[in-house]
Amino acid sequence: AQSVAQPEDQVNVAEGNPLTVKCTYSVSGNPYLFWYVQYPNRGLQFLLKYITGDNLVKGSYGFEAEFNKSQTSFHLKKPSALVSDSALYFCAVATSGTYKYIFGTGTRLKVLA
Amino acid sequence: AAGVIQSPRHLIKEKRETATLKCYPIPRHDTVYWYQQGPGQDPQFLISFYEKMQSDKGSIPDRFSAQQFSDYHSELNMSSLELGDSALYFCASSPPGNEQFFGPGTRLTVL
């Protein structure tokens, strides 16, 4: 069965510092991996995806993520955090043939000024 | 750019009533997904449609049904509402095999 783990409920980081939000996955077959951000009372906004190709994926708002097959991880990163990055971040996995998302439990990112 | 449209944005119902949520996907997106997000929880997949046919089914209660119409819009019908059905309901659309684009959600409150 497919599953996604986001081991941290909350991540605090100072503005201007690099941030990492962790995600590990378990799937049979090749994974399709996604990161979304959710602001309060809003829908989920797509940040980036890994389907195939380069392991380092660059996305919206300066975010990037690295696909690591051996560690089954897809951590979200940003070199310099902004206060406006404070939100709830979800990692999701899908597989070819069934494109429904399995979401992680979410990580609340708090960037401190 | 056009986005996924959901209506209504907010809905308040009594227990045992019925509710209908509507979703209008992005033009030329042929797949629609429905998710339920309870308070403080991650979104849970309910059901999806591809080219107006049900393509996948998740943890959707038997009290709920959904369909996709000829114009690709989709409706989620919920009957015999329970307090536990209170949640944010998201619709998402995508072209085949691509990332999903989410609507703003419908917040359903069951009293």
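Naming convention: chains lettered A, B, ... in sequence-line order (proteins, then strands); numbering from 1 in each chain.
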Is the ring centre of Tyr32(A) less than 6.0 Å from the ring centre of Phe74(A)?
-> no
With a 3.5 Å cut-off and no angle check, do the side chains of Glu51(B) and Tyr72(B) form a donor-acceptor pair?
-> yes
Does the ring centre of Phe45(B) sit less than 6.0 Å away from the ring centre of Tyr101(A)?
-> no
Part of Gln38(A) within contact of chain B (heavy atom distance under 4.5 Å) = side chain
Chain B heavy atoms under 4.5 Å from Phe90(A): which part of the residue, side chain, backbone, both or neither?
-> side chain
Examine whether an atom of Phe103(A) lies under 4.5 Å from a heavy atom of chain B, and if so say whether it belongs to the side chain, the backbone or both; otherwise answer neither.
-> both
Hey, are Asp85(A) and Lys78(A) close enough for a salt bridge, meaning a charged N less than 4.0 Å from a carboxylate O?
-> yes
Contact origin within Gln37(B) toward chain A - heavy atom pairs under 4.5 Å = side chain
Which portion of Tyr35(B) sits near chain A, non-hydrogen atoms under 4.5 angstrom = side chain
Examine Phe102(B) together with Tyr36(A) and report whether their ring centres are nearer than 6.0 Å.
-> yes
